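Worksheet: the structure to be examined is printed underneath.
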Amino acid sequence: MNEAPSVEVAVMPPNSAFAGVVARVASGLGATLCRPDSPISADIALRVMVVDMSRVTGSPRLNSRCIIIGDGPALAAWDVIALEEVEERLPRAMRNLVECELLRARAESERETIAVLNQIGYALSAITDRTQLLDELLTHARRALRADGASIYLIDEASIESDTALGGSRNARTIRFAAAQNDTVPFFAGRTALAVDDHSLIGFVANRAIPLNIPDLRALPPDVPYKPSGTFDAATGYQTRSALLVPLVDRDGRVIGVLLFVNHKAVAGLPLASFDRVTAFSERHLALARSVASQAAVALENYRLYREIATLFDGFVEAAVTAIEARDPSTGGHSYRVAQLTEMLAREVTEADDPPFADVRFSARELTELHYAAILHDFGKVGVREEVLLKTARLYPWELAQIEQRFRIASLQATLEAINENTAEAMLPSRLSQLQEDLTLVRRLNRIGRVGESEGVAIRTVAERWKLAEAEPVLHAREVRRLCIPLGTLDPEERLEIERHVEHTYRFLRVIPWTRELRNVPALAYAHHEKLDGTGYPRRLRGEAIPYGARLMTISDIFDALTAGDRPYKGAMSPEKAVQILRAEAAAGKVLAPAVELLNAKRLWTRVVEPTS
């Protein structure tokens with residue numbers, strides 16, 4: 001039911017001959033008689049005025065809450081009563097006016113309550129941050145109930161899970177302080193964790209799943225099992241008088257928390273000037289608090305589900321990255337380092353006010369998109385043949401073994417020829433020495449970092465020098481081409497296969513039903529090997545066609561590939577040397593020069609944390 005708003009009745013002038021009649025009628029209506037010039041207290045819902053025009057000098061300001069005795073403008077007042085009709089008509093006129101205004105006040109209060117509940121519902125349904133969720137909940141709920149303070153306690157999730165596993169047992173459950181607000185003094189929790197039992201107010205409500213509406217904590221019956229701790233009041237000088245507690249119950253009927261409101265007051269949002277102005281919460285407030293608690297429980301359950309889905313997805317992403325790096329242990333941690341470096345670089349760009357970055361801002365949503373794109377940027381490598389992915393030399397191990405076998409056969413042939421032909425015997429030592437020297441050259445070129453033109457000529461000479469038969473050279477044409485790879489270990493076909501990992505990544509990420517907030521993840525990952533001048537791959541995008549986040553990811557990817565110390569085919573490069581190479585790329589128009597300088601100026605690589613195994 002609704003609480004009755006407070007009503008005042010004033011007589012103008014106070015010494016009117018009809019003041020006694022007005023006072024008698026006001027008392028019968030439960031209204032308070034006051035002077036017309038007294039300020040209206042915040043806890044007064046309305047004031048009606050009875051104006052005795054026979055005693056008033058001047059022109060009083062009239063409105064629809066006024067009853068005029070004597071002659072006056074009827075349209076400007078609720079009613080006009082002749083002097084001789086006061087005894088007969090005034091009581092009925094005052095009763096009608098007060099009841100009408102009370103109905104108007106109640107209707108306005110209900111409209112405000114509905115508006116607040118709608119605001120709570122809208123706010124709670126749209127928020128995915130736990131701290132903001134609790135803050136919005138307490139703000140709107142305190143306003144609706146006109147509570148000076150409020151706090152929320154949540155059952156430990158481990159306790160909830162244990163409760164379910166034990167078939168509803170409530171043993172050893174705990175409830176923890178989560179958030180609080182107070183208009184009069186800053187709030188702190190005297191105890192952050194409480195047992196879910198009958199010994200405390202919070203524990204009692206959580207344990208029994210019933211609300212408590214306590215008009216005055218100072219006057220608790222002696223037989224109740226719960227006692228207020230008083231820690232907060234003793235430490236701050238605050239006085240907690242009235243209290244309203246309601247349980248938060250989820251869709252499965254489990255108590256997941258408790259809402260506590262303290263010290264009902266006349267006006268929401270203002271500090272208490274005196275604790276003597278505190279009043280009790282009404283049955284209407286209890287019903288409203290139950291409604292708020294119901295919405296809060298749904299919102300908290302939605303948040304829990306949202307967090308569980310996010311955790312599940314993060315677990316899937318971690319498993320995917322683990323699968324990638326398990327195929328190539330030498331690149332372990334690369335995806336995590338690139339993700340960290342890219343996200344840090346994007347944050348620095350957002351915070352920078354310099355002209356190159358003044359118009360570039362990454363929202364929280366865009367940073368999350370960039371994080372997932374960066375951590376999954378190499379997932380397509382699962383589609384690359386393992387021998388290509390793990391290739392650490394120009395020749396595969398089995399190719400080198402076959403070449404070494406042919407050289408042994410060539411040595412055996414030379415020895416047999418020396419035995420069969422007397423003329424060849426004298427040349428045998430030099431031929432065997434040449435074979436060994438040529439095999440050493442093969443082995444050296446197989447591992448050397450860079451192969452120049454002179455080495456290429458030398459290996460082609462070896463291929464022409466030794467033949468096991470007319471159509472069977474010791475070095476096949478494909479092996480010669482691989483030994484002549486200028487830099488790295490991959491021939492053009494193998495490099496193209498490696499480059500296709502970007503397309504594999506994109507096709508894989510396109511299959512995932514991303515939320516609206518993460519819909520750009522595939523496009524960002526797809527562009528992480530593109531270059532500003534169009535020389536990147538796979539689509540040869542240029543300049544602005546490359547998403548800004550992908551441009552930052554490119555820099556992070558190159559930097560980590562250069563500085564990683566766990567690659568078997570190359571040594572670790574110092575960060576300073578890697579920055580020099582990135583600057584050269586920037587000078588050639590391939591990567592974003594201001595971002596390279598920002599990376600170096602902030603030395604972002606020093607903040608990267610290696611993933612734990």
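No experiment lies behind these values; they were computed from the predicted model shown. Positions are given from 1, in the same order as the sequence printed here. In what follows, every heavy atom counts, from backbone to side chain, and hydrogens, waters and symmetry copies are set aside.
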Short side-chain to backbone donor-acceptor contact, His140 and Leu137, under 3.5 Å: no
Without swapping roles, check the side chain of Asp252 against the backbone of Arg254 for a donor-acceptor pair under 3.5 Å. no
Carboxylate-amine/guanidinium proximity below 4.0 Å for Arg304 and Glu308: yes
Would you please indicate if the ring centroids of His501 and His377 are separated by under 6.0 Å? no
Flag the pair Arg478 and Glu399 as a salt bridge only when some basic side-chain nitrogen lies within less than 4.0 angstrom of an acidic carboxylate oxygen. yes
Would you check, one step at a time, whether the test side chain to side chain contact (heavy atoms under 4.5 Å, CB included) holds for Val521 with Leu370? CA-CA 7 Å; Val521 168; Leu370 195 55; over 6 Å; no
Below 4.5 Å, heavy atoms only, C-beta onward: do Cys484 and Ile459 meet side chain to side chain? yes
Could you please spell out the steps behind the salt bridge (charged side-chain N to carboxylate O under 4.0 Å, His left out) verdict for Asp183 and Arg142? CA-CA 10 Å; Asp183 288 330; Arg142 286 195 311 115; 3.0 Å; yes
NZ/NE/NH1/NH2 to OD/OE distance under 4.0 Å, Arg385 and Glu493: no
Applying side chain to side chain contact (heavy atoms under 4.5 Å, CB included), run through Leu509 and Phe379 and close with a yes or a no. CA-CA 9 Å; Leu509 295 180; Phe379 187 81; 5.7 Å; no
Compare every heavy atom of Ala463 with every heavy atom of Pro473, then report the nearest pair and how far apart it is. CB-O, 4.2 Å
Output yes when a side-chain donor or acceptor of Thr350 lies under 3.5 Å from a complementary backbone atom of Phe362, and no otherwise. yes
Is it true that atom CD of Glu472 has more than 12 heavy atoms of other residues, nucleotides or ligands lying nearer than 6.0 Å? yes
Would you indicate whether the side-chain heavy atoms of Leu599 and Trp605 approach each other to under 4.5 Å? yes
Between Thr368 and Glu517, do the side chains contain an N or O donor and an N or O acceptor separated by less than 3.5 Å? no
Salt bridge between Glu576 and Arg603, side-chain N to carboxylate O under 4.0 Å? yes
Contact check, side chains of Ile498 and Leu389, non-hydrogen atoms, under 4.5 Å: yes
Please find the pair of heavy atoms, one from Leu518 and one from Pro522, that lie closest to each other, and give the distance. O-CD, 4.4 Å
Are side-chain N/O atoms of Glu366 and Asn520 paired as donor and acceptor at under 3.5 Å? no
What are the two closest heavy atoms between Leu487 and Arg495, and how far apart are they? O-NH2, 4.2 Å
Enter the distance from Leu532:CG to Glu544:CD here, rounded to the nearest 0.5 Å. 8.5 Å
Inspect the contact between Glu387 and Lys391 and indicate whether a charged nitrogen and a carboxylate oxygen are less than 4.0 angstrom apart. no
Quick one, Asp314 and Tyr372 - any side-chain contact, counting heavy atoms below 4.5 Å? yes
To check you understand the geometry: which heavy-atom pair defines the closest contact between Asp353 and Ala358, and what is its length? O-CB, 4.1 Å
What I want to check is whether the side chains of Ser335 and Asp378 have a donor and an acceptor closer together than 3.5 Å. no
Return yes when atom NZ of Lys602 has more than 12 non-hydrogen atoms of other residues, nucleotides or ligands closer than 6.0 Å, and no otherwise. no
Give a yes or no on whether the backbone of Val384 and the side-chain of Glu497 come within a donor-acceptor separation of less than 3.5 Å. no
Under a 4.0 Å N-O cut-off, is there an ion pair linking Asp438 with Arg465? yes
Any sub-3.5 Å donor-acceptor pair from Asn446's side-chain atoms to Leu395's backbone N or O? yes
Any side-chain heavy-atom pair of Arg507 and Val511 under 4.5 Å: no
Shortest non-hydrogen contact from Gly149 toward Asn182: CA-ND2, 3.9 Å
Measuring from atom CG of Asp129 to atom OH of Tyr303, what distance do you get when rounded to the nearest 0.5 angstrom? 7.0 Å
Could you report the tightest heavy-atom contact between Thr505 and Gly380, atom names first, then the distance? OG1-N, 2.6 Å
Does Gln340 reach the main-chain N or O of Val609 with its side chain, forming a donor-acceptor pair under 3.5 Å? yes
Where the side chain of Arg443 meets the backbone of Leu439, is there a donor-acceptor pair that is under 3.5 Å apart? no
Before giving the answer on side chain to side chain contact (heavy atoms under 4.5 Å, CB included), spell out for Val442 and Leu483 the whole-Å C-alpha distance, their side-chain angles and the decisive distance to 0.1 Å. CA-CA 7 Å; Val442 169; Leu483 289 169; 4.0 Å; yes
Rounded at 0.5 Å granularity, tell me how far OG in Ser363 sits from CD in Glu369. 7.5 Å
Whether the Gln405 and Arg408 side chains hold a donor-acceptor pair (N or O, under 3.5 Å, no angle test) is what I'd like checked. yes
Mark yes or no: Arg176 above the aromatic ring of Tyr153, with NZ or CZ under 6.0 Å from the six-membered ring centre and no more than 45 degrees from the axis. no
Going by atom types only, do Thr554 and Lys531 share a side-chain donor-acceptor pair under 3.5 Å? no
Could you check whether any side-chain N or O of Glu343 sits under 3.5 Å from a backbone N or O of Leu367, counting only pairs where one atom can act as donor and the other as acceptor? no
Checking the side chain of Glu479 only, and the main-chain atoms of His476 only, is there a donor and an acceptor separated by less than 3.5 Å? yes
So how far is it from Gln181 CD to Ser151 OG, rounded to the nearest 0.5 Å? 10.0 Å
Under the side chain to side chain contact (heavy atoms under 4.5 Å, CB included) criterion, do Arg551 and Glu530 qualify, and how do the steps go? CA-CA 8 Å; Arg551 296 181 231 171; Glu530 302 289 352; over 6 Å; no
Just by distance, do the side chain of Arg607 and the backbone of Leu604 share a donor-acceptor pair under 3.5 Å? no
Phe559 side chain near Pro575 side chain, heavy-atom distance below 4.5 Å: yes
Spacing of CD1 belonging to Ile375 relative to NE2 belonging to His334, to within rounding of 0.5 Å: 11.5 Å
Can you measure from CG (Leu341) to CG (Asp557) and round to the nearest 0.5 angstrom? 10.0 Å
Non-hydrogen side-chain atoms of Thr139 and Asp135 separated by less than 4.5 Å: yes
Inspect the surroundings of CZ in Arg361 and state if more than 12 heavy atoms from other residues, nucleotides or ligands are less than 6.0 Å away. yes
Could you check whether the rings of Trp398 and Tyr396 sit parallel, tilted or perpendicular, using 30° and 60° as the cut-offs? parallel
How about Leu496 and Arg500: do any of their side-chain heavy atoms sit closer than 4.5 Å? yes
